[in-house]
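Whatever order the structure lists ligands and atoms in, that order sets their numbers, starting from 1. Remember, predicted model here, so these are calculated numbers, not experimental data.
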Amino acid sequence: MKQLIVNADLLTFSGPDAPRAGAEMRSVGLVRGGAVLIDGGKIVSAGPRDMVQRHPDAGKARLLDAGGRLLMPGFVDCHTHPVFAEPRLKDYGLRARGKTYREIAEEGGGILSSVRAVRGTTAEELARGLFERARRFLESGTTTIEAKSGYGLDPDSELKMLRAIKTVAAGTPLEILPTFLGAHAVPPEYAGRPAEYVRMLCADVLPVVVQEDLAKFVDAFCEEGYFSAQEAGSFLLAGKNAGFGVRVHAEQLSRSGGSLLAAKLGALSADHLDRVEDEDIRALKEAGVVAVLLPGSNFFLGLPEFPPARRILDAGVPVALATDFNPGTCPCWNMQAILSIAVSRLKMTPEEALTAATVNAAHALGLGKTHGRLEPGMQADLLLLDCRDLREIPYWFGANLAAAVFKRGNLVHSTTELRI
Ligand code: NIG
Ligand code: FE
């Protein structure tokens with residue numbers, strides 16, 4: 001079906017098919033009084049209304065009025081852990097009483113408490129929870145997410161999580177790209193033996209993930225008390241050799257070598273980066289790794305410090321933003337809230353934050369040629385926002401400004417009448 005959306009101010013992010021860095025991140029491709037013509041789930045034309053209306057198909061299209069509001073690409077959330085059995089309310093309460101993430105994990109909370117819950121839950125129940133959350137992402141203007149396993153940590157439970165993702169991905173308009181995060185924590189049955197656990201993952205689980213086509217990426221938590229750079233590296237290399245893209249949880253709680261590992265393996269992204277040093281930043285830049293910042297987790301954990309975004313941006317590394325949606329450190333699915341935190345705490349400009357949440361996030365998932373911009377040939381993933389100035393998106397902190405959301409040209413959420 002052809003549709004023509006008129007009377008919109010567009011954030012097109014038009015430009016080269018490459019991650020944006022440095023000053024490029026401040027260019028959002030604003031077109032006032034713009035229009036977008038879509039057909040068959042793709043954008044046919046986007047730009048000034050006169051230009052778009054001259055397209056031969058424009059006359060045959062269903063006409064939609066954006067009411068002068070901002071229209072941008074749907075958010076790409078390139079780092080989430082959305083499959084879990086229950087929220088971690090106990091951890092939350094303990095933290096409010098002053099306990100740290102590490103202390104709570106050592107006392108039986110943390111990732112391993114989510115693991116116990118996932119192990120005791122069926123694939124169907126996990127899928128039901130994820131299906132509900134998929135709706136929350138869409139309602140908030142996110143049209144594509146990456147989704148990690150990592151709360152199973154035994155062969156059956158990891159595969160159960162990945163199969164739940166596959167089931168839900170087939171039944172929701174939200175586009176979900178799965179990641180096998182087998183090396184998220186060392187499970188109790190391998191306590192003190194992380195290398196052996198990694199060998200088991202590579203020998204027993206990875207082949208099934210390949211065979212059933214259950215993932216696009218592999219990821220590891222490279223951190224003191226979790227996996228050393230060597231252990232994480234052997235898991236990620238096995239994944240890379242099996243054909244998966246590589247991502248790394250790097251330098252979140254300590255400088256553990258994750259960034260250098262990501263650079264060495266040619267990873268798509270290195271994520272968190274709270275404790276990066278200049279040497280790490282240089283390595284990421286040279287290797288073309290996207291730096292994914294997750295300031296929602298710092299905010300929710302109540303940490304006084306945030307990743308050194310300005311240093312990373314000013315060094316010319318392409319930066320992406322994501323929620324890190326998970327039950328422990330960031331139960332927030334709304335990218336608009338993450339933009340607010342990025343502007344207030346990372347000192348990113350609203351333009352940089354928006355570029356980080358669209359074009360660069362798409363590149364972090366290897367989707368830069370089809371997602372994250374309003375340009376002919378791109379997927380018609382669109383977000384209409386109830387505002388007229390892009391600074392309002394981070395400014396109205398905690399709000400959901402999504403007035404209409406299109407995925408592959410289909411209207412999947414709306415709070416407003418668009419038909420003329
Ligand atoms: O990205 N750092 C490791 N993984 C998650 C936290 C997961 C959890 O606490 O359940 C993160 O913050
Ligand atoms: Fe994470």
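A donor-acceptor contact shorter than 3.5 Å is absent between the side chain of Arg345 and the backbone of Asn298.
No cation-pi contact links Arg199 to Phe235, judged by a cut-off of 6.0 Å to the six-membered ring centre and 45° from its axis. With Phe217 as the aromatic partner, Arg247 meets the cation-pi criteria of under 6.0 angstrom to the ring centre and within 45 degrees of the ring axis.
Between Phe325 and His81, the distance from one ring center to the other does not fall under 6.0 angstrom.
Take the Fe ion (ligand 2) and draw a sphere of radius 2.8 Å; the protein N/O/S atoms inside it number 4.
Here the CD1 atom belonging to Ile111 is positioned 5.5 Å from the CZ atom belonging to Phe221, to the nearest 0.5 angstrom.
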N/O to N/O under 3.5 Å, ligand 1 against protein:
{"unit_1": "ligand 1", "atom_1": "1 (O)", "unit_2": "His81", "atom_2": "NE2", "d": "3.4"}
{"unit_1": "ligand 1", "atom_1": "1 (O)", "unit_2": "His249", "atom_2": "NE2", "d": "3.1"}
{"unit_1": "ligand 1", "atom_1": "1 (O)", "unit_2": "His272", "atom_2": "NE2", "d": "2.9"}
{"unit_1": "ligand 1", "atom_1": "1 (O)", "unit_2": "Asp324", "atom_2": "OD1", "d": "2.9"}
{"unit_1": "ligand 1", "atom_1": "1 (O)", "unit_2": "Asp324", "atom_2": "OD2", "d": "2.9"}
{"unit_1": "ligand 1", "atom_1": "2 (N)", "unit_2": "Gln252", "atom_2": "OE1", "d": "2.5"}
{"unit_1": "ligand 1", "atom_1": "4 (N)", "unit_2": "His184", "atom_2": "NE2", "d": "2.8"}
{"unit_1": "ligand 1", "atom_1": "9 (O)", "unit_2": "Arg88", "atom_2": "NH2", "d": "2.7"}
{"unit_1": "ligand 1", "atom_1": "9 (O)", "unit_2": "Tyr101", "atom_2": "OH", "d": "2.5"}
{"unit_1": "ligand 1", "atom_1": "10 (O)", "unit_2": "Arg88", "atom_2": "NH1", "d": "2.9"}
{"unit_1": "ligand 1", "atom_1": "10 (O)", "unit_2": "Arg88", "atom_2": "NH2", "d": "3.2"}
{"unit_1": "ligand 1", "atom_1": "10 (O)", "unit_2": "Tyr151", "atom_2": "OH", "d": "2.6"}
{"unit_1": "ligand 1", "atom_1": "12 (O)", "unit_2": "Gln252", "atom_2": "NE2", "d": "3.3"}
{"unit_1": "ligand 1", "atom_1": "12 (O)", "unit_2": "Asp324", "atom_2": "OD2", "d": "2.8"}
{"unit_1": "ligand 1", "atom_1": "12 (O)", "unit_2": "Thr329", "atom_2": "OG1", "d": "2.9"}

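Across all their heavy atoms, Asp17 and Gly368 have their closest contact at OD1-O, 4.0 Å.
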Dump the intermediate steps for salt bridge (Lys or Arg N to Asp or Glu O under 4.0 Å) on Arg69 and Asp9, then the final yes or no. CA-CA 6 Å; Arg69 290 174 282 202; Asp9 285 351; over 6 Å; no
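A side-chain donor from one of Ser228 and Glu231 sits under 3.5 Å from a side-chain acceptor of the other. Inspection of the Glu375 and Thr12 side chains reveals no N or O donor paired with an N or O acceptor under 3.5 Å.
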